[in-house]
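Structure, as structure tokens:
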There are 2 protein chains.
Amino acid sequence: MKEKSNDILNRIAHVQTTLQAINGKWKLPILVSMYAGKSRFRDIQRNIPQITTRVLSKELKDLEASKLIIRIVTDGHPVSVEYKLTTYSYTLTPVVDEMIKWGKQHSKGGL
Amino acid sequence: MKEKSNDILNRIAHVQTTLQAINGKWKLPILVSMYAGKSRFRDIQRNIPQITTRVLSKELKDLEASKLIIRIVTDGHPVSVEYKLTTYSYTLTPVVDEMIKWGKQHSKGGL
DNA sequence: CCGAATCCAATATGATACTG
DNA sequence: CAGTATCATATTGGATTCGG
């Protein structure tokens, strides 16, 4: 019946909402790095060596704009910058966990 | 300890594996449409009006290459083409379901 | 160390038209 | 209906350099 068809459209709209929040190749890897406690620019880059400073910089700004992280600057001599996860960002962990699980089972090595 | 650090790197690698399989804005919406039984080119396009034929065509080829769908041509007068989900594609449903759930809760309307 | 700035290449996406 | 062809734009990625 008609409900069915609307259901499909809603489900599609919902994935698209999620996709917009985590779009691109880097946001989730960055979040995973941060979930694990690594929240300095340099730390993240060490965890994701393929990313360049230019892209990392941009992605961090995007994540800040999406309210998923907050940028905290602490004055001092080399001026320390730290990125903190928001509570909002933790609502994504079920999604991220499922993706890690899937990736683990379907990478070349299996598990 | 050292295990911790390796754990992070593994988790990052696993999300990246998953991201590669579903990269772009369209693969998941297409799969969602197909999970619901809509498997003709035209049906998918009706469910996702924003996608153009050019992009849909390319994405379907990608999905075929990733073994997530199969293209089936049945001869006849207007020659019917149908895309079928592979059993492999169903391993993604936990990921997709979490994404639908998240999108539902965080779209403008809430739920 | 933490980025910003610049320049340029590669991909992704989009609009439109057209064919078997 | 199921695409392909062409062209244009947008987004992303990479390399390198520079400054606080």
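In this text, all values refer to a predicted model and were calculated from it rather than measured experimentally. The sequence lines fix the lettering, A, B, ..., with proteins before strands; numbering per chain opens at 1.
Among residue pairs with one or both ends in residues 49-75 of chain B, none qualify as ring-ring contact (aromatic ring centres under 6.0 Å, His included); sequence neighbours excluded. Identified under the ring-ring contact (aromatic ring centres under 6.0 Å, His included) test for residues 49-72 of chain A, with sequence neighbours left out: none. Judged as a ring-ring contact (aromatic ring centres under 6.0 Å, His included), not a single pair has a partner in residues 48-75 of chain B (not counting sequence neighbours). The list of salt bridge (charged side-chain N to carboxylate O under 4.0 Å, His left out) pairs with a residue in residues 87-100 of chain B, not counting sequence neighbours, reads A/Arg11-B/Asp97, B/Glu98-B/Lys101.
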- Message: Between A/Met99 and B/Val15, is the side-chain contact (heavy atoms from CB on, under 4.5 Å) condition met? List the steps.
- Response: CA-CA 6 Å; A/Met99 291 184 64; B/Val15 238; 4.0 Å; yes
- Evaluate the criterion side-chain contact (heavy atoms from CB on, under 4.5 Å) for residue pair B/Gln16 and A/Gln50; output intermediate values, then yes/no. CA-CA 11 Å; B/Gln16 288 181 318; A/Gln50 315 101 301; 3.6 Å; yes
- Query: When you look at A/His14 and B/Val32, which way does the side-chain contact (heavy atoms from CB on, under 4.5 Å) test go after all the steps?
  - Reply: CA-CA 10 Å; A/His14 294 325; B/Val32 170; over 6 Å; no
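Atom pair A/Glu82:CD and C/dC2:P shows a separation of 11 Å (rounding to whole Å applied). Rounded to an integer number of Å, the gap from CD1 of A/Ile69 to C1' of C/dC2 is 14 Å. Put simply, CD1 on B/Ile30 is 14 Å from P on D/dA2, counting in whole angstrom units. Going from atom CG of A/Asp62 over to atom P of D/dA10 covers 17 Å, rounded to whole Å.
Between B/Arg46 and B/Phe41 the shortest side-chain heavy-atom distance does not fall below 4.5 Å.
Checked against side chain to side chain donor-acceptor pair (under 3.5 Å), A/Thr18 has no partners two or more places apart in sequence or in another chain. Qualifying side chain to side chain donor-acceptor pair (under 3.5 Å) partners for B/Asn47, counting only residues two or more places apart in sequence or in other chains: B/Ser33.
OP1 or OP2 of D/dT4 lies within a sub-4.0 Å distance of a side-chain N or O belonging to B/Lys61. B/Ser57 has a side-chain polar atom (N or O) that falls below the 4.0 Å cut-off from OP1 or OP2 of D/dT4. Residue B/Tyr83 places at least one side-chain N or O closer than 4.0 Å to OP1 or OP2 of D/dG3.
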What does the list of N/O pairs under 3.5 Å between the protein and nucleotides 18-20 of chain D look like, with a distance for each?
none

Which atom pairs, one a donor and one an acceptor, fall under 3.5 Å between side chains of residues 83-91 of chain A and the rest of the protein, sequence neighbours left out?
{"from": "A/Tyr83", "atom 1": "OH", "to": "A/Arg71", "atom 2": "NE", "distance (Å)": "3.3"}
{"from": "A/Thr86", "atom 1": "OG1", "to": "A/Lys67", "atom 2": "O", "distance (Å)": "2.8"}
{"from": "A/Thr86", "atom 1": "OG1", "to": "A/Leu68", "atom 2": "O", "distance (Å)": "3.2"}
{"from": "A/Thr86", "atom 1": "OG1", "to": "A/Tyr88", "atom 2": "N", "distance (Å)": "3.4"}
{"from": "A/Thr86", "atom 1": "OG1", "to": "A/Ser89", "atom 2": "N", "distance (Å)": "3.1"}
{"from": "A/Ser89", "atom 1": "OG", "to": "A/Thr86", "atom 2": "O", "distance (Å)": "2.7"}
{"from": "A/Thr91", "atom 1": "OG1", "to": "A/Tyr88", "atom 2": "O", "distance (Å)": "2.6"}
{"from": "A/Thr91", "atom 1": "OG1", "to": "B/Trp102", "atom 2": "NE1", "distance (Å)": "3.0"}

Counting only pairs under 3.5 Å, give me each side-chain donor-acceptor contact of residues 51-63 of chain B, with atom names and distances, residues two or more places apart or in other chains.
{"from": "B/Thr52", "atom 1": "OG1", "to": "B/Val55", "atom 2": "N", "distance (Å)": "3.4"}
{"from": "B/Lys58", "atom 1": "NZ", "to": "B/Asp62", "atom 2": "OD2", "distance (Å)": "3.0"}
{"from": "B/Glu59", "atom 1": "OE1", "to": "B/Lys27", "atom 2": "NZ", "distance (Å)": "2.8"}

- Note on the structure: The contact string for nucleotides 11-16 of chain C, one letter per nucleotide 5' to 3', using protein heavy atoms under 4.0 Å with B, S and - for base, sugar-phosphate only and none, comes out as --BBB-
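If you check residues 41-49 of chain B against DNA chain C, you find no residue with a heavy atom closer than 4.0 Å.
Between the B/Asn10 side chain and the B/Asp7 main chain, no donor and acceptor come within less than 3.5 Å of each other.
One end of the helix from C/dC1-D/dG20 to C/dG20-D/dC1 points its axis 40° away from the other end's axis, with each axis taken from 5 pairs and the angle rounded to 10°.
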